[in-house]
Q: 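I am attaching a structure below and will ask some questions about it afterwards.
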2 protein chains.
Amino acid sequence: MQRNRIDLVWSALADPTRRGMLERLAEGETNITTLAAPFAMSQPAVSKHLTVLERAGLIQRTRKGREHHIRVDPRPLAEAGTWIEHYARLWQEQFDAVDAYLKARSGKASNRKAPTRKTSNRKTSTRKRTSSSKRTRERKPR
Amino acid sequence: MQRNRIDLVWSALADPTRRGMLERLAEGETNITTLAAPFAMSQPAVSKHLTVLERAGLIQRTRKGREHHIRVDPRPLAEAGTWIEHYARLWQEQFDAVDAYLKARSGKASNRKAPTRKTSNRKTSTRKRTSSSKRTRERKPR
DNA sequence: CCGTTGCATAACCAATAGGTTATCTATTGT
DNA sequence: ACAATAGATAACCTATTGGTTATGCAACGG
């Protein structure tokens, strides 16, 4: 359910295989077979990862005969980096402010014990969904 | 199938609702109800998003009575930003090199070389799949 | 004491992600 | 001409994601 480019960029980066590919591409343009070699997965799986990277705009392909040459496009990453930098600064200010506040008002160390939630036995919930329910959902066995 | 922290950070950022929450949190700590107000979704959905952000280390909660106060933790973002910056620089160099190479050879004599890695097929995949197929999978109608 | 509020949790569902095997096409080397 | 190679694609599977409704439950405010 990706709405826009930056969603695609971040979900593309969220996979270690795809990050590995991008890291490898920092050394230079390659064809797909070479790029895929270090990864213990089937060729179609690699192809799917490359499709994800391409749809995020992070790579470009060039066909040379039967080989597809892949190179990285740094521009979407620059955008993502800009977003991070912008908010990292704001968040850091926020974080520092709270931290300073806490330090200023408390000379004491932590007495932060857990709130001790009583082991609620809600497992006995019979899901009793009163008869006035609109959507009577039936349990389906799986 | 998230392996490590940075995967969690990036998949957390890949959702516009969660980014919206983080942006809101740049203005300061709030409770969950206030934070959730702008988003047209149920309260449990908000709760799940917050769980995702928390597991990525991007937020911290503090219980104050029945309210949970949320504040942002900028440190994981700093890590993510470092990763991006590092590779953005390498990728930009790569991109510029290829660009220069293309310009040089289309225009005039090159004073700058591009790496042009030969397709060194290390480990040419021996996934030949001889025609004697093992698992004949049957189509199952859905 | 009792109703309301703030939030979490359980159970469910549809859609997506990431993997597989099998097969297809286009190109290449001989 | 033809076998091998590079890669995409189709069909399938399972686990995860992002949403829902119903319910549990502690804390608050009379």
Q: Tell me which nucleotide among C:dT27, D:dG18, C:dT20 gets nearest to the side chain of B:Asp15.
A: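 Nearest listed nucleotide: D:dG18.
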Q: Do the side-chain N or O atoms of A:Arg18 get closer than 4.0 angstrom to the phosphate oxygens (OP1, OP2) of C:dG18?
A: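 The answer is yes; a side-chain N or O of A:Arg18 sits under 4.0 Å from OP1 or OP2.
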Q: Please confirm whether the shortest side-chain N or O distance from B:His49 to OP1 or OP2 of D:dT17 is below 4.0 Å.
A: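 Checking D:dT17 against B:His49, no side-chain N or O comes under 4.0 Å of OP1 or OP2.
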Q: Without swapping roles, check the side chain of B:Trp91 against the backbone of A:Leu22 for a donor-acceptor pair under 3.5 Å.
A: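 Confirmed, B:Trp91 side chain pairs with A:Leu22 backbone.
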Q: Round to the nearest Å and state the distance from A:Leu50 atom CG to D:dT9 atom C1'.
A: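 In whole Å, D:dT9 C1' and A:Leu50 CG are 14 Å from each other.
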Q: Would you state whether a donor and an acceptor, one from the side chain of B:Glu67 and one from the base of D:dA27, lie under 3.5 Å apart?
A: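 Result: no qualifying N/O pair found.
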Q: Measuring to OP1 and OP2 of D:dA6, would you say a side-chain N or O of A:His68 lies under 4.0 angstrom away?
A: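 No.
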Q: Starting at CG of A:Leu13 and ending at P of C:dG18, how long is that distance when rounded to a whole Å?
A: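 Rounded to whole Å, this separation is 12 Å.
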Q: Tell me the interatomic distance from A:Arg66, atom CZ, to D:dG7, atom C1', rounded to whole angstroms.
A: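 So the two atoms are 10 Å apart, to the nearest Å.
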Q: Nearest to the side chain of B:Thr33, heavy atoms from C-beta on, is which of D:dG19, C:dA26, C:dC7?
A: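 Nearest listed nucleotide: C:dC7.
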Q: Rounded to the nearest 0.5 Å, how far does CG of A:Leu50 lie from CG of A:Leu58?
A: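 Spacing of CG (A:Leu58) from CG (A:Leu50) equals 11.5 Å.
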Q: Taking A:Arg18 for its side chain and A:Ser11 for its backbone only, find out whether a donor-acceptor pair lies under 3.5 Å.
A: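 Yes, because the side chain of A:Arg18 sits within donor-acceptor range (under 3.5 Å) of the backbone of A:Ser11.
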Q: Distance criterion of 3.5 Å, no angle test: do you see the side chain of A:Gln43 paired donor-to-acceptor with the base of D:dA6?
A: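 Check fails, no donor-acceptor contact within cut-off.
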Q: For B:Gly28 and B:Arg24, work out which heavy atoms get closest and say how close.
A: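 Between these two residues, the closest heavy atoms are O-NH1, 3.7 Å.
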Q: Rounded to whole Å, how long is the line connecting atom CG of A:Asn31 with atom P of C:dT28?
A: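 Rounded to the whole Å, the gap is 13 Å.
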Q: Is the phosphate of C:dT20, meaning OP1 or OP2, less than 4.0 Å from a side-chain N or O of A:Ser42?
A: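 Affirmative; the distance criterion is met.
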Q: Hey, which sits more toward the 5' end of DNA chain C by its nearest nucleotide, A:Val52 or A:Gly65?
A: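 On the 5' side of the pair lies A:Val52.
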Q: Rounded to whole angstroms, how far apart are CZ on B:Arg61 and P on C:dG6?
A: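 Nearest whole value for this atom pair: 15 Å.
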Q: Can you tell me how far P of D:dA8 sits from CG of A:Leu35, to the nearest Å?
A: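 Spelled out: CG on A:Leu35 to P on D:dA8 is 11 Å.
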Q: Give the rounded distance in Å between these two atoms: CH2 of B:Trp10 and P of C:dA17.
A: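 Computing the B:Trp10:CH2 to C:dA17:P distance gives 19 Å.
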Q: Given atom CD of B:Glu54 and atom P of C:dC7, what is their separation to the nearest angstrom?
A: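 In whole Å, C:dC7 P lies 13 Å from B:Glu54 CD.
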Q: Report the residue (B:Ala45 or B:Arg55) whose heavy-atom-nearest nucleotide on DNA chain D is the more 5′ of the two.
A: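 The residue mapped nearer the 5' terminus is B:Arg55.
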Q: Are the side chains of A:Arg55 and A:Thr51 in contact, using a 4.5 Å heavy-atom criterion?
A: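 Of all side-chain heavy-atom pairs linking A:Arg55 with A:Thr51, at least one is under 4.5 Å.
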Q: For D:dG7, does either OP1 or OP2 sit under 4.0 Å from a side-chain N or O belonging to A:Ser47?
A: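 Checking D:dG7 against A:Ser47, no side-chain N or O comes under 4.0 Å of OP1 or OP2.
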